[in-house]
Amino acid sequence: MKIEEIIINKTAEAIQTLYNTPIDSSSVQITKTKKEFEGNLTMVVFPFLKISKKSPDLTAQDIGQYLVQNIPKIDKYNVIKGFLNISVSNSYWISFLNNALTEKEYGTKPVNANTPPVLVEFSSPNTNKPLHLGHIRNNLLGWSVSEILKANGKNVVRVNLVNDRGIHICKSMLAWQKWGNNCTPESESKKGDKLVGEFYVLFDKENKKEIEQLKQSGFNDEEAQKKTSLLQEAQTMLKKWEEGDKDVLSLWERMNSWVYKGFDETYKKMGISFDRIYHESQTYKSGKNIVQKGIENNVITKKEDGSAWIDLTADGLDEKLLLRADGTSVYITQDIGTAVQRFSEYSPEKQIYVVGNEQNYHFQVLALVLSKLGYQWAKDIFHLSYGMVELPEGKMKSREGTVVDADDLMDEMTQSAREISKELGKLDDLSTEEAEKIIQTIAMGALKYFILKVDPKKNMLFDPKESIDFNGNTGPFIQYTYTRIQSVLRKAAETGIQLNENIRENISEIEKEKEIIQLLYEFPDVVMEAGKAYSPALIANYTYELAKTYNQLYHDFPILKEENSDIRNLRIGLSLLSGNVIKKAMELLGINVPEKM
RNA sequence: GGUUCCGUAGCUCAGUUGGAUAGAGCAACAGCCUUCUAAGCUGUGGGUCAUGGGUUCGAGCCCCGUCGGAAUCACCA
């Protein structure tokens, strides 16, 4: 049993014995003791004052005394302004450390492959342009949350729903046909997604020109937007695509294949992969049938013009269109279809959608529509909504060219890592190959940590200058701490010091050590909390705290050179576990750790 | 206009179901390498937690108002 539980139970017992009143154990509040006070765990006794009919200090004294007398693992307590600070014995902490060191995967639960899976959808790019900074946050979150859920024993399936059809890709296709001169990624020596993206931008540019012309010949803005020959051509192309026109389909396949190749490269560099990839072109029709059934069951109404609507006003939302007048499906129709398809395919415990908070309304509607259509699992749909990434200049706008490209960003990070490493001379005695690998690891660590340390729900500012900082609360700082630990452990092995020796449990005067052990002790709870909250940020902040504290120990105390062998073993033991926990925690963030840097 | 979210140090962010004197990093300044990697450690300054009320023994956190910002309310995705 964890010490907190013991304290809670014994406190309930104490209050029963001392004041003859039963209490619910949930009213006992235990928190970590603040650094400036002596002790490890703190109990707030205010809730018990009505029962004890004594001052906060006296009540705390009563309980503190009882606990010390009745729990051997507690050796003292102190009371400050109604806060009961409890000191847990050194032997408790060291015995915990000894145990944790024997656990193979300390802090995580094994995945049970026989349980219903949890689907995590993320990335879900459009195939008309390359990935940018916004996608990076999405991908990193999706990946990390998947890892965190796995660490909580969930049977996770990573899903990517590629939006490979629609007017946007037709725009790129059309522009390529008109002005592409049959160019290919090979002929231009460009990544396929970049090339296709350029044609998307080109379409927009030419289309704008046409809009201007139309406006000059007397049309208002709205009319001009709809009337351009380019847009009409694109729409014709989309229609042909839906009809299965051979030429359109073959161009579509060709250009999409360029994009996929480009995406694969980006994903690979990012260290991201999926268990299952859906393509919208294959799922978009299934939603229509479901809507049709909804019309038959009078959940959905068909208007005179043929469009289908669902009335959500009773739930505080608006009316929502589900099929256009011409019978084609809209975005949500497709989402209804894929949700149903995925449910029938996996019978998941939960479907998690990692999608930006700009779509909060959409997912509110989606869950509501599904439940109105009678799908009980609609309640198991969870929109993991994350905030926008903004730049110092403001919002990213693809048309104004203020988008931060994913590949460029990763390359810049790598370049900075290379320069800084060189400047510090850190990798001088390694081969170029080894050095490059470490540089990559550091660069990606910096980027990933920078983004994941922020609470997913919040909007965040991405300052490129700050993101390449490798000091302070950053990924490389944590990676560096890990390499320091590994260096110590290597040296220990070299000098023939046993690593896995059982540590003697009654050692005194080990304040800093205890602080680290207590942090290590908290790791499983942090993993659990992060899973509940879908928040990699909790893992990130915890890991930083651990690394920082370890660095203090490393700086202030000798480890291998400690003469007292009991203390030396203790420091080595907690170095070992700190290293393991840091590595595991970083893994949960999708970040690798180098052995040297 | 309706709905939702946000506002904490100059900047970027933490702050557990309401608990002690609100914490980190960056930036600034001052120190620490003959000792296991200085991508490190230590110290100094920096706050009306947007604002006004309320609930409570106790509020950055809960409730109401005000101000400021964002998203969304498409026969776009």
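When reading the values below, keep in mind they use all heavy atoms of this one structure, side chains included, and skip hydrogens, waters and symmetry mates. Letters A, B, ... are given to chains in the order of the sequence lines, protein chains preceding strands, and every chain is numbered from 1. Here the structure is a predicted model, which means the values were calculated and not measured.
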Using a 4.0 Å heavy-atom cut-off, does [X] contact any base of the nucleic acid, only the sugar-phosphate backbone, or nothing at all?
| X | answer |
| --- | --- |
| A:Leu49 | nothing |
| A:Asn85 | base |
| A:Thr31 | nothing |
| A:Thr474 | nothing |
| A:Tyr554 | base |
| A:Asp455 | sugar-phosphate |
| A:Gln479 | nothing |
| A:Ser26 | nothing |

Treating a pair as Watson-Crick (purine N1 to pyrimidine N3 plus N6-O4 or O6-N4) or G-U wobble (N1-O2 and O6-N3) with both distances under 3.5 Å, list the stems of 3 or more consecutive pairs that involve RNA chain B.
B:1-7 with B:67-73, B:10-13 with B:23-26, B:28-32 with B:40-44, B:50-54 with B:62-66
Under-4.0 Å side-chain N/O to phosphate OP1/OP2 contact, [X] with [N]:
| X | N | result |
| --- | --- | --- |
| A:Gln552 | B:rU42 | yes |
| A:Lys81 | B:rU21 | yes |
| A:Arg324 | B:rA77 | yes |
| A:Ser487 | B:rU37 | yes |

Between [options], which nucleotide gets closest to the side-chain atoms of [X]?
| X | options | answer |
| --- | --- | --- |
| A:Leu560 | B:rC36, B:rG40, B:rA77 | B:rC36 |
| A:Phe477 | B:rC41, B:rC36, B:rA77 | B:rC41 |
| A:Lys561 | B:rU35, B:rA14, B:rC75 | B:rU35 |
| A:Asn551 | B:rU37, B:rG40, B:rA20 | B:rG40 |
| A:Val488 | B:rA77, B:rC75, B:rC36 | B:rC36 |
| A:Val44 | B:rG25, B:rA38, B:rG19 | B:rG19 |
| A:Phe83 | B:rC75, B:rC36, B:rG19 | B:rG19 |

Salt bridge (Lys or Arg N to Asp or Glu O under 4.0 Å) evaluation trace for A:Glu233 with A:Lys239:
CA-CA 10 Å; A:Glu233 276 185 73; A:Lys239 219 177 150 216; over 6 Å; no
May I ask you to check whether A:Phe477 and A:Phe470 place their ring centres under 6.0 Å from each other?
no
Taking the six-membered ring for Trp and the full ring for Phe, Tyr or His, determine whether the centres of A:Phe523 and A:Tyr542 are under 6.0 Å apart.
yes
N/O-N/O pairs, protein side and nucleotides 27-33 of chain B side, under 3.5 Å:
none

Using whole Å, what does the distance between atom [atom2] of nucleotide [N] and atom [atom1] of [X] come to?
| X | N | atom1 | atom2 | result |
| --- | --- | --- | --- | --- |
| A:Tyr449 | B:rG25 | OH | P | 12 Å |
| A:Met460 | B:rU8 | CE | P | 16 Å |
| A:Leu391 | B:rU12 | CG | P | 13 Å |
| A:Phe462 | B:rU12 | CZ | C1' | 12 Å |
| A:Lys548 | B:rA24 | NZ | P | 6 Å |
| A:Lys457 | B:rG15 | NZ | C1' | 13 Å |
| A:Asp315 | B:rU3 | CG | C1' | 14 Å |
| A:Lys596 | B:rG40 | NZ | P | 20 Å |

Please answer whether B:rG40 and A:Tyr480 are stacked, defined here as ring centres separated by less than 5.5 Å and planes angled under 30°.
no
Between the base of B:rG19 and the ring of A:Phe46 - centre-to-centre under 5.5 Å, planes within under 30° - is that a stack?
yes
Go nucleotide by nucleotide along RNA chain B from the 5' end; which of A:Glu466 and A:Arg165 gets its closest nucleotide reached first?
A:Glu466
Note: for A:Gly472 and A:Asn126 on RNA chain B, the residue whose nearest nucleotide lies more 5' is A:Gly472
OG (A:Ser124) and CD (A:Glu280) are apart, to the nearest 0.5 Å, by 9.0 Å
Identify each atom pair where a protein N or O and an N or O of nucleotides 69-73 of chain B are less than 3.5 Å apart, giving names and distance.
from, atom 1, to, atom 2, distance (Å)
B:rC73, O2', A:Asp318, OD2, 2.2

A:Phe462 and A:Phe450, any side-chain heavy atoms less than 4.5 Å apart:
yes
Need the glycosidic conformation of B:rC33: syn if within 90° of 0, anti if not. Which one?
syn
